[in-house]
Amino acid sequence: MKPTLNIICCMLLLLMLTACDKNFEKINTDPTQLSQGTIKFEYVFTSAQLDANGNPDGYANGIFQSNLAYASTMMQHLSSTNPAWYGDKYIYNANYNGVYWTTFYSTGIKNVIDVIENTRDKPEKANLYNIARILKVWYFQQMTDLYGDIPYSEAGLGFSKGITNPRYDTQEAIYADLLNELQDAASKLNPDDAANTLGSADLFYEGNTDKWKKFAYSEMLRIAMRMSKVAPDKASDWAKKAVAGGVMQSNDDNALTPHEDQSTRPVSNPVGLELHSREPNGYRLSLTFVNFLKTNNDPRLRYIGTVIEDPTNTDDLGNDDPDAQLGQPNGYDRTEGAKDISNAPNWPGDQNMYSVVNRTTFSRESAPTFILTYAETALLQAEAAQRGWITGSAATFYNNGVHAAIMQLNQTGANISDGDASNYVSAHPLVSATALQQINEQYWVATFSDWLETWANWRRSGFPVLTPVNYQGNSTNGTIPRRFVYPLDEASVNPANYSTAAGRITGGDKLTSRVWWDKE
């Protein structure tokens, strides 16, 4: 059974008493500070897991500004006429671009490093130590995929080595170390040590080391496939190691964070809270996404979209009939000018005729958050097999991935039958000539709500082929952004290292520049 609300709140209260700072520099403080008194590092780890979805104090910034306002609209899953949803029109906003960095370095990454530093030499905490290393890899992949070169090897070493201005490691070096960390940590998990377990303090797997191994090797596969264009030989080698190590095998292996419907933080799903309660009228489903689902007769559509006469009426579940769903085009506003939404092609006459996210699945506070899933893993295996990097049938991996992606919606509250999922798979077989496109289009659908991952895989693969918008005053000359810009205060608090890192970026520290693995 997943941890109860009371357990989660107790863990959070404990963390709030020990880790309430919000500045990046505080990650470079005494890592033993949390060990004073009776701090249980199992619960510090719990907080690090919660932080992965948006930390207790800054979740609205980290999740709304990065995942929703930017990535979801850039990837044309969502659309917005609200000017604060900058990603819809590729407009640079310094606060939004820097918030993931400032928020997660000072919360989730700080917490997971605290756990690692305080359990490193404690045999009785070996599983906690190695599981924390695995979660740290997930965090740093997220961070480097967004920004490129970042502080990594020297992050968190202010107390032990006096490094208060950490250097920026290259993304290539970071990736190499992340892969090694996963391999080493996974190999050292001990499933037989009954006393050495996280238990209910682990929100994903309740301390199940077998599932953490699958998480580690699935994360290894994700990292490997990210290198498919820039370093195909390494990608192939590490994909083989990941599959041999043992990746996720079913939706039972999905890494999910449970949430409860409290309309408060941190127990609520931050995406669901934003979509349902805080921004109910700020967005619509994108025309691109709805048309893709409709064209393919996708059984997920009724569980992803709904049409609501007044989205601000948060009690209204609306009409989820697939035929009623209508996507809003990206790149429009409500300024009564040429780009006013009323001037969009096939304008329905009322903006509320455009679909919003279904309130029985993703748009609710108690929906779980997907961290890493079997569906993603199987689809990446399909691509690896299609490239000839691993053994097995690309078509079989693809079928398994699509089927799992459909059925995982039942973990959000949907009620899709196995038969409906199987019928969809049968009607959409993998075709060798278009395999890479099909696989990555399905990855695009499967990562709905995890839009930072959607964006990363799109940058890597180029699929789906999206038509950019070219809104007046945009910051990219009408091209979809390729990375986030470093926070403005980095130039003042860590100037030498920032300047060195920015100088390595081809094209400069801009939205249009590419990270290492994002090869044209």
Side-chain angles (χ1 to χ4, degrees), residues 71 75 133-134 136-150 152-153 168-186 214-248 371-373 376-392 394 397-398 401 435-437 439-444 446-447 450 452-463 481-484 501 504-507 513-520:
M75 290 298 93
R133 293 170 68 194
I134 294 167
K136 177 187 171 185
V137 168
W138 179 90
Y139 260 115
F140 272 106
Q141 189 198 9
Q142 288 258 311
M143 191 67 69
T144 188
D145 283 354
L146 292 178
Y147 297 97
D149 298 355
I150 59 170
Y152 173 69
S153 62
Y168 288 54
D169 296 278
T170 66
Q171 186 175 56
E172 183 177 7
I174 292 169
Y175 258 51
D177 195 66
L178 295 181
L179 289 164
N180 289 330
E181 279 286 284
L182 286 172
Q183 187 173 46
D184 187 64
K214 293 177 184 179
F215 181 102
Y217 287 115
S218 298
E219 172 68 9
M220 183 184 292
L221 179 62
R222 176 188 279 186
I223 294 175
M225 297 308 294
R226 208 76 101 217
M227 301 188 297
S228 60
K229 289 183 178 179
V230 71
D233 290 343
K234 290 181 180 178
S236 174
D237 289 344
W238 281 103
K240 289 183 178 70
K241 291 178 183 179
V243 173
V247 296
M248 294 178 178
I371 303 297
L372 183 63
T373 70
E376 297 166 27
T377 302
L379 289 169
L380 292 177
Q381 286 179 277
E383 180 173 341
Q386 181 66 26
R387 293 178 180 274
W389 293 350
I390 63 172
T391 59
F397 287 129
Y398 173 79
L436 294 182
Q437 177 178 348
I439 291 165
N440 286 288
E441 284 177 343
Q442 287 299 325
Y443 199 95
W444 176 64
T447 52
D450 186 7
L452 296 177
E453 176 60 22
T454 310
W455 183 33
N457 193 68
W458 173 83
R459 287 180 284 155
R460 176 193 71 85
S461 70
F463 296 114
R482 311 298 300 195
R483 64 181 287 273
F484 281 162
R504 289 196 296 255
I505 304 173
T506 301
S513 299
R514 293 171 180 254
V515 300
W516 166 70
W517 50 254
D518 185 9
K519 186 177 180 180
E520 293 189 69

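No donor-acceptor pair closer than 3.5 Å links the side chain of Lys234 to the backbone N or O of Ala224. Thr447 contributes a side-chain N or O that, together with a main-chain N or O of Tyr443, makes up a donor-acceptor pair within less than 3.5 Å.
For Leu379 against Ala446, the heavy-atom pair with the smallest separation is CD1-CB, 4.3 Å. The shortest heavy-atom contact between Ala185 and Ile134 is CB-CG1, 3.9 Å. Annotation for Asp145 and Ala456: closest pair OD2-CB, 4.4 Å, computed over non-hydrogen atoms.
Considering only heavy atoms from C-beta on, Thr144 stays 4.5 Å or farther from Val515 through its side chain. The side-chain heavy atoms of Trp444 and Trp458, taken from C-beta on, include no pair separated by under 4.5 Å. Contact of the Ile390 side chain with the Phe397 side chain is registered, since non-hydrogen atoms from C-beta on lie closer than 4.5 Å. A heavy-atom distance below 4.5 Å is not found between the side chains of Ser228 and Trp517. Residues Tyr217 and Arg222 form no side-chain contact, since every pair of their non-hydrogen atoms from C-beta on lies 4.5 Å or further apart. A heavy-atom distance below 4.5 Å is not found between the side chains of Ile150 and Asp169. Contact check for Ile223 versus Gln141: side-chain heavy atoms found under the 4.5 Å cut-off.
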query = side-chain contact (heavy atoms from CB on, under 4.5 Å) between Asn457 and Met225: does it pass, once the steps are laid out?
reply = CA-CA 9 Å; Asn457 193 68; Met225 297 308 294; over 6 Å; no

task = Start with the C-alpha distance between Arg483 and Arg514, add both sets of side-chain angles, then the distance that settles side-chain contact (heavy atoms from CB on, under 4.5 Å), and finish with yes or no.
result = CA-CA 6 Å; Arg483 64 181 287 273; Arg514 293 171 180 254; over 6 Å; no

ask   = Hey, mind stepping through Phe215 and Ile371 against side-chain contact (heavy atoms from CB on, under 4.5 Å) and telling me if it holds?
value = CA-CA 10 Å; Phe215 181 102; Ile371 303 297; 4.2 Å; yes

task = Let me see the working for Leu146 and Trp455 under side-chain contact (heavy atoms from CB on, under 4.5 Å), right down to the final yes or no.
result = CA-CA 9 Å; Leu146 292 178; Trp455 183 33; 3.7 Å; yes

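Atom OG of Ser461 and atom CZ of Arg226 lie 9.5 Å apart (nearest 0.5 Å). In this structure, CG on Asp149 lies 9.5 Å from OH on Tyr168, to the nearest 0.5 angstrom.
The only option from Tyr147, Tyr152, Tyr175 that meets the ring pair (Phe, Tyr, Trp, His ring centres under 6.0 Å) definition with Phe140 turns out to be Tyr152.
Using a cutoff of 4.0 Å between basic side-chain nitrogens and carboxylate oxygens, Arg460 and Asp518 are not scored as salt-bridged.
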